[in-house]
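See below for the structure under consideration.
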Amino acid sequence: MDDGGQSTVVPFDGDERDQDGLDMDNPARRLQVAEAARMAEAVIFASAEPVSEKALADRLPEDADIPAALEELKTIYDKRGVNLIRVGDAWAFRTAGDLSFLMSRDAVVQKKLSRAALEVLATIAYHQPVTRAEIEDVRGVETSKGTLDILLETDWVRMRGRRRSPGRPVTYGTTLAFLDHFGLSELRDLPGMDELKGAGLLSTRMPTNFSVPLPLDDPDELTEDEDPLTDIDLEELGLLTPGGAND
Amino acid sequence: MDDGGQSTVVPFDGDERDQDGLDMDNPARRLQVAEAARMAEAVIFASAEPVSEKALADRLPEDADIPAALEELKTIYDKRGVNLIRVGDAWAFRTAGDLSFLMSRDAVVQKKLSRAALEVLATIAYHQPVTRAEIEDVRGVETSKGTLDILLETDWVRMRGRRRSPGRPVTYGTTLAFLDHFGLSELRDLPGMDELKGAGLLSTRMPTNFSVPLPLDDPDELTEDEDPLTDIDLEELGLLTPGGAND
Amino acid sequence: MDPLWTEAGPVTDANRDALVVDVDGFEGPLDLLLHLARTQKVDLARISVLALTEQYLSFIDRVRALKLEVAADYLVVAAWLAYLKSKLLIPQKPGEDEQTGEEMAAILQFRLQRLEAMRDAGTRLVNRNRLGRDVFARGMPETVIVDRRSKFDASLYDLLTAYASERQRNAVTTVEISERHVWSLKEARDRLITLIGELSDWTALDSFLVDYLVLPEKRATALASSFAASLELVREGAVELSQSKPFATLYLRSVTTKSRATDNSGETTHG
């Protein structure tokens with residue numbers, strides 16, 4: 001609101017302005033200020049940092065009355081959900097103080113999955129039910145427990161059961177949340193080999209014995225060589241506290 | 001603004017609204033809408049990405065009339081330097097298009113799409129959901145590597161699902177980011193969409209009456225080979241929220 | 001169509017690379033045809049298809065006369081156009097169960113118009129006010145608004161590229177590149193179906209294909225292999241063949257078209 005400091009950057013119209021600062025009775029002038037305000041609004045909005053009046057002057061048409069435009073903008077935004085505020089000698093938009101509670105809910109930072117986690121996730125999706133050893137076969141590298149833990153945490157991957165084979169290894173599969181997140185209506189929507197090639201994601205020059213498995217028809221049903229997980233299994237896997245009392 | 005699709009995300013206020021949608025004569029209600037508008041404004045303004053109506057509903061008080069608030073906001077910002085834009089079922093503030101001359105300084109250098117990629121993008125946008133074979137049918141050439149995958153990478157194009165036909169080929173469509181980038185509220189806003197559809201140029205097969213290339217007398221009248229739009233078509237055109245009931 | 005392709009995947013690929021002589025930077029034969037059609041300087045709906053056919057064939061002849069190798073795509077279309085020309089010039093015998101020249105010409109016009117429409121649409125699209133070029137988002141976002149479905153972020157594209165590169169990395173990549181200068185007729189026909197659309201009606205193409213794809217001295221063997229390839233396509237259920245008497249012209253039509261048509265009408269019948 002401090003008008004005094006701004007008059008220096010407005011070269012010509014000082015004498016046109018009355019005591020209140022703006023000669024708003026003149027419709028032409030009013031329109032001019034409104035247009036300058038629109039421009040300042042767009043520039044400040046799009047800028048990655050607060051915009052100084054000098055920067056605005058550089059950008060707006062020469063005859064733009066920048067102090068008047070900023071004054072008008074400030075008034076417009078005063079009671080709105082977003083305010084125009086002064087930061088040093090520059091201007092920026094900020095959420096109105098009384099609404100900051102709306103922002104705090106978004107404080108959860110979205111995490112990006114690591115490349116390794118993405119690979120394991122994709123391997124599980126295509127090859128399920130799949131054991132950790134089998135994931136390793138496909139990937140050619142060992143999968144750390146941490147990676148699997150993160151995937152379980154995403155809620156996109158679940159333990160399905162145990163394979164009826166020596167050691168009864170745990171089998172992994174995907175969840176409904178997985179389909180939901182990736183916008184698939186069923187697992188079979190995952191593109192097959194030809195389609196990966198067609199989309200340019202997979203080289204067309206793969207060896208003849210190369211194949212991409214057909215994802216399961218019904219991921220909820222256990223396959224013939226899978227046993228369901230029992231409570232004892234869950235305890236062993238640390239998913240259930242012995243006694244089951246705690247969560 | 002099409003209210004029909006939006007009602008699904010606003011659970012409680014259906015019965016509060018009269019025929020005209022807003023009972024603005026009631027000062028208390030007016031205040032309530034103004035306050036909801038402030039909150040929606042703050043949330044949408046704070047984000048660089050479009051904010052879905054669902055995300056707004058998550059954040060605003062339960063009794064907030066979000067469609068009314070958005071309607072009010074849209075009107076407030078209509079002539080300003082920053083506009084409220086609908087992108088699919090999400091909303092974003094964007095600088096006004098007529099001020100682009102001012103903004104060029106902020107422009108980030110964008111990778112220029114190759115002619116082939118642009119053709120594929122247009123084919124997908126206007127024909128979606130479309131299979132790769134159909135894209136190739138339109139262009140008369142195979143889609144080379146580095147075309148579809150580039151479009152997938154820019155996040156303008158996505159795999160939508162599979163066609164219910166022999167071989168169940170994967171279908172492609174555009175994303176919300178596509179609408180946002182090209183300033184479209186919905187697919188029906190694609191330039192020339194109605195004329196192209198009317199001329200039968202958006203079908204995969206030649207329409208039976210194609211050999212008579214006379215302009216239609218009445219573009220609103222269905223041609224012989226056109227069926228009236230079904231709900232599924234409308235969903236595809238983004239006119240109806242998938243699964244959403246019309247009110 | 002796709003399974004046929006992948007079967008011969010690597011070989012075809014290598015071949016394609018070897019054969020691609022981009023005919024003056026055209027993006028495929030349809031692009032070339034569109035370019036030639038524009039030189040007629042009339043609305044695409046009113047071009048003379050016969051003249052266009054002549055233009056295209058003489059263009060191909062000129063390129064070949066220069067002893068330049070022409071990509072097979074272009075030759076396949078040349079074969080189709082030569083066939084179309086013959087049908088346009090020789091009046092249809094009544095009652096013949098095949099596409100008339102006029103119908104074929106209409107298909108060509110439709111495809112040219114559709115391609116042009118998509119090109120114009122693409123141009124109009126990129127010339128719109130674009131985010132990050134003409135219009136801008138908030139430069140100083142205060143928060144990221146996400147639908148609180150997951151605190152993890154990954155797209156289907158991320159997932160698929162991760163999977164593809166993982167599988168690619170671990171696949172033993174031995175690629176055999178065999179040298180062939182002529183496309184098999186089967187490949188040619190596959191491309192033809194891609195380029196010209198589905199051959200829904202009985203179409204005699206073999207002799208034209210052979211004319212354009214094969215050097216004169218090799219025509220006899222090419223015809224023989226063409227016939228063999230056709231039989232294989234029949235066995236695979238991709239096409240149907242018909243011949244009225246010994247040594248008469250061989251007609252073929254696509255089977256997929258018919259089954260797809262059935263499918264569109266509601267029920268899927270597997271045959």
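As the structure is a computational prediction, the values presented were derived from the model and not from experiment.
A:M206 approaches C:A171 most closely through the heavy-atom pair CE-CB, 3.6 Å. Nearest heavy-atom pair across A:A46 and C:F136 is CB-CB, 3.6 Å. Of all heavy-atom pairs spanning C:M140 and A:P50, the tightest one is CE-N, 3.8 Å. Shown here for C:A162 and A:R115, the closest heavy-atom pair between the two residues is CA-NH2, 3.7 Å.
Once rounded to the nearest 0.5 Å, the distance linking CG of C:L160 with CG of A:L202 reads 10.5 Å. Separation of atoms CD (C:Q168) and CZ (A:R205) is listed at 12.0 Å; rounding is to 0.5 Å. In this structure, C:F152 CZ and A:L151 CG are separated by 8.5 Å, a value rounded to the nearest 0.5 Å. Summarising the geometry, atom OG1 belonging to C:T161 is positioned 10.0 Å from atom CG belonging to A:L196; distances are rounded to the nearest 0.5 Å.
Contacts of C:A137 with chain A are made by backbone atoms alone, with heavy-atom separations under 4.5 Å and no side-chain atom involved. Contacts of A:S114 with chain C are absent, with no heavy-atom separation under 4.5 Å from either backbone or side chain. Both the backbone and the side chain of A:E153 have a heavy atom closer than 4.5 Å to some heavy atom of chain C. Proximity to chain C (any heavy atom under 4.5 Å) is restricted, for A:F210, to the side chain, taken from C-beta onward.
Note on A:A122, A:A199, A:G198: by heavy-atom pairs under 4.5 Å with chain C, the leading option is A:A122. Looking only at heavy-atom pairs under 4.5 Å with chain C, the residue among A:T95, A:L184, A:V120 that has the most is A:T95.
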Can you list the steps and then say if A:Y126 with C:L159 is a side-chain contact (heavy atoms from CB on, under 4.5 Å)? CA-CA 11 Å; A:Y126 273 96; C:L159 187 75; 6.0 Å; no

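Panel note: side chain C:R167, backbone A:V138; no donor-acceptor pair is recorded below 3.5 Å.
Counting heavy atoms from C-beta on, the side chains of A:L201 and C:Y163 never come closer than 4.5 Å. In this structure the side chain of C:D158 reaches within 4.5 angstrom of the side chain of A:K112, judged on heavy atoms. The side-chain heavy atoms of C:R169 and A:E119, taken from C-beta on, include a pair separated by under 4.5 Å.
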